[in-house]
A.B. asks: 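Questions regarding the structure given below will be posed in turn.
Order of the sequence lines sets the chain letters (A, B, ...), proteins ahead of strands, with each chain counted from 1. Only this structure's heavy atoms are used, side chains among them; waters, hydrogens and symmetry mates stay out.
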Protein chains: 2
Amino acid sequence: MFISTYENKLDKKGRVSVPAAYRSYLSSQGYNSVVCYPSFTNSSIEFCPQDRLEKIIESIDTLSPFEENRDIFSTSILANSFQLNFDTDGRVTLSEKLLNHTGIKEKVLFVGQGKTFQMWDPMSFKKFSDDARKKASLKRSELKWKQTN
Amino acid sequence: MFISTYENKLDKKGRVSVPAAYRSYLSSQGYNSVVCYPSFTNSSIEFCPQDRLEKIIESIDTLSPFEENRDIFSTSILANSFQLNFDTDGRVTLSEKLLNHTGIKEKVLFVGQGKTFQMWDPMSFKKFSDDARKKASLKRSELKWKQTN
DNA sequence: CCATATATTCCCATGAAATCCCATAAAAAG
DNA sequence: CTTTTTATGGGATTTCATGGGAATATATGG
């Protein structure tokens with residue numbers, strides 16, 4: 001399972017170490033690479049084992065080759081995905097696209113999400129999680145109010 | 001599988017390098033050439049292994065109710081299809097027909113579509129992709145439904 | 001059937017980017 | 001405190017995209 005968070009450094013060559021805990025989980029599942037794509041809802045990169053993307057491909061493949069939806073789905077998902085291979089020391093190289101989407105400069109924050117994990121710029125993540133916390137407390141009071149009525 | 005995008009240069013001789021990642025996937029599947037045809041719905045060229053084209057033609061056969069339509073449809077694909085062989089450095093040569101359909105001049109954008117890939121003029125693709133992203137967020141729930149069924 | 005032009009493919013050189021490999025530092029484990 | 005694992009830096013090597021010359025194939029006209 002991917003849990004906890006890890007902050008690692010992006011070097012001059014654009015490489016970053018994937019946390020050893022994540023790597024050992026991946027290899028225990030039989031993977032030696034990961035697939036990733038920019039999140040649709042926030043400025044993180046989502047990572048998942050390759051077979052997850054393969055499932056998406058299979059479901060797209062059920063659509064007719066001349067249906068508009070096929071191109072729309074595959075373009076918005078597959079064209080923006082990357083397969084990242086680990087080097088011999090467990091690092092991956094991040095492309096310009098991925099850096100731009102996240103705003104990552106110096107540090108990379110890995111955030112475990114159970115079956116997947118994310119990469120964030122540490123600052124962006126702090127904003128995001130603070131925001132999430134506020135929203136949660138607003139909703140909580142809303143919920144309490146509804147409960148008493 | 002074919003994912004991500006790669007922008008390569010068209011040289012004076014009309015050659016372009018097929019991304020190494022795509023070539024290695026093709027050869028892992030036992031192919032050393034590709035078949036391509038102009039898309040019916042947009043200004044890209046569709047690439048696929050040869051047996052896939054045969055499958056597409058079969059599916060046209062079963063889908064179209066009128067025999068006449070079938071013939072027109074499948075011959076129009078076949079007549080406009082090319083088999084492109086890789087040279088010793090992994091390049092293919094693009095014919096005038098293909099260049100005209102796409103509007104490609106200097107740069108060739110390869111776009112992964114899972115089991116197939118496309119070639120685009122970078123500008124045309126940007127337009128298409130911005131549009132696709134908007135439509136995808138509207139229709140994503142539709143895809144999810146199909147995945148579970 | 002040959003000769004010339006044109007296009008196609010092979011082959012090698014180059015520069016840039018990706019990857020390997022090793023050294024060292026920092027952290028964790030025993 | 002010692003040993004092992006992990007993260008990081010950087011030089012060495014390999015891969016890849018690209019350009020262009022040489023060799024081969026194909027077409028066209030006489």
Side-chain angles (χ1 to χ4, degrees), chain A residues 1-28 31-36 45 47 81-100 104-112 117 119-122, chain B residues 2-28 31-36 45 47 81-100 104-112 117-122:
Chain A
M1 236 188 3
F2 303 111
I3 56 170
S4 192
T5 67
Y6 301 85
E7 189 175 306
N8 289 343
K9 200 182 171 187
L10 189 76
D11 70 15
K12 293 176 204 165
K13 296 181 180 176
R15 298 174 301 184
V16 65
S17 281
V18 175
Y22 291 4
R23 264 154 39 210
S24 66
Y25 176 67
L26 280 166
S27 69
S28 79
Y31 300 105
N32 57 351
S33 69
V34 276
V35 169
C36 70
I45 306 294
F47 285 79
S81 297
F82 297 85
Q83 173 160 16
L84 299 187
N85 302 307
F86 298 114
D87 72 9
T88 44
D89 299 313
R91 289 179 282 199
V92 291
T93 304
L94 304 180
S95 70
E96 278 300 316
K97 254 193 197 170
L98 297 178
L99 295 179
N100 287 341
I104 287 170
K105 293 266 158 45
E106 298 271 316
K107 297 281 187 173
V108 181
L109 187 71
F110 290 86
V111 178
F117 64 91
M119 255 181 33
W120 287 83
D121 168 60
Chain B
F2 304 108
I3 59 170
S4 198
T5 66
Y6 302 86
E7 189 175 306
N8 289 343
K9 201 181 170 187
L10 188 76
D11 69 16
K12 294 175 204 166
K13 297 180 180 177
R15 299 175 301 183
V16 65
S17 281
V18 176
Y22 291 2
R23 265 154 38 210
S24 69
Y25 176 67
L26 279 167
S27 70
S28 79
Y31 300 104
N32 58 351
S33 70
V34 276
V35 170
C36 70
I45 307 293
F47 285 79
S81 293
F82 296 84
Q83 172 157 14
L84 297 187
N85 302 307
F86 298 112
D87 72 9
T88 44
D89 298 313
R91 289 179 282 200
V92 291
T93 303
L94 304 180
S95 69
E96 278 301 315
K97 251 192 198 172
L98 297 178
L99 295 179
N100 288 341
I104 287 169
K105 293 266 157 46
E106 297 270 317
K107 297 279 188 173
V108 181
L109 189 72
F110 290 87
V111 178
F117 63 91
Q118 302 172 335
M119 260 181 29
W120 286 83
D121 168 61

A.B. asks: Could you tell me whether B:Arg91 and B:Asp89 have a side-chain N and a carboxylate O separated by less than 4.0 Å?
C.D. replies: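 Judged by the 4.0 Å cut-off on N to carboxylate O distance, B:Arg91 and B:Asp89 do form a salt bridge.
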A.B. asks: Testing the 3.5 Å rule here: is there a donor-acceptor pair between the side chains of B:Ser4 and A:Lys97?
C.D. replies: no
A.B. asks: In the structure I gave you, are the side-chain heavy atoms of A:Ile45 and A:Ile104 within less than 4.5 Å of one another anywhere?
C.D. replies: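 No - every pair of side-chain heavy atoms lies 4.5 Å or more apart.
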A.B. asks: Is the number of heavy atoms from other residues, nucleotides or ligands under 6.0 Å of B:Gln83 CD greater than 12?
C.D. replies: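 More than 12 heavy atoms, drawn from other residues, nucleotides or ligands, come within 6.0 Å of this atom.
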A.B. asks: What class does the angle between the rings of B:Tyr22 and B:Phe110 fall in, given that below 30° is parallel, 30 to 60° is tilted and above 60° is perpendicular?
C.D. replies: perpendicular
A.B. asks: Once each nucleotide of nucleotides 12-30 of chain C is scored for protein heavy atoms under 4.0 Å, what B/S/- sequence comes out, 5' to 3'?
C.D. replies: B------BBBB--------
A.B. asks: Taking B:Ser17's backbone N and O only, do any of them form a donor-acceptor pair with B:Asn8's side chain (distance below 3.5 Å, no angle check)?
C.D. replies: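 Such a contact is found between B:Asn8 side chain and B:Ser17 backbone.
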A.B. asks: When rounded to the nearest 0.5 angstrom, what distance separates OG1 in B:Thr5 from CH2 in B:Trp120?
C.D. replies: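 Separation between the atoms: 12.5 Å.
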A.B. asks: Reading DNA chain D in the 5' to 3' direction, which nucleotide is the first one with an atom under 4.0 Å from a heavy atom of chain A, and which is the last?
C.D. replies: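 With heavy atoms of chain A under 4.0 Å away, the range is D:dT6 to D:dG11.
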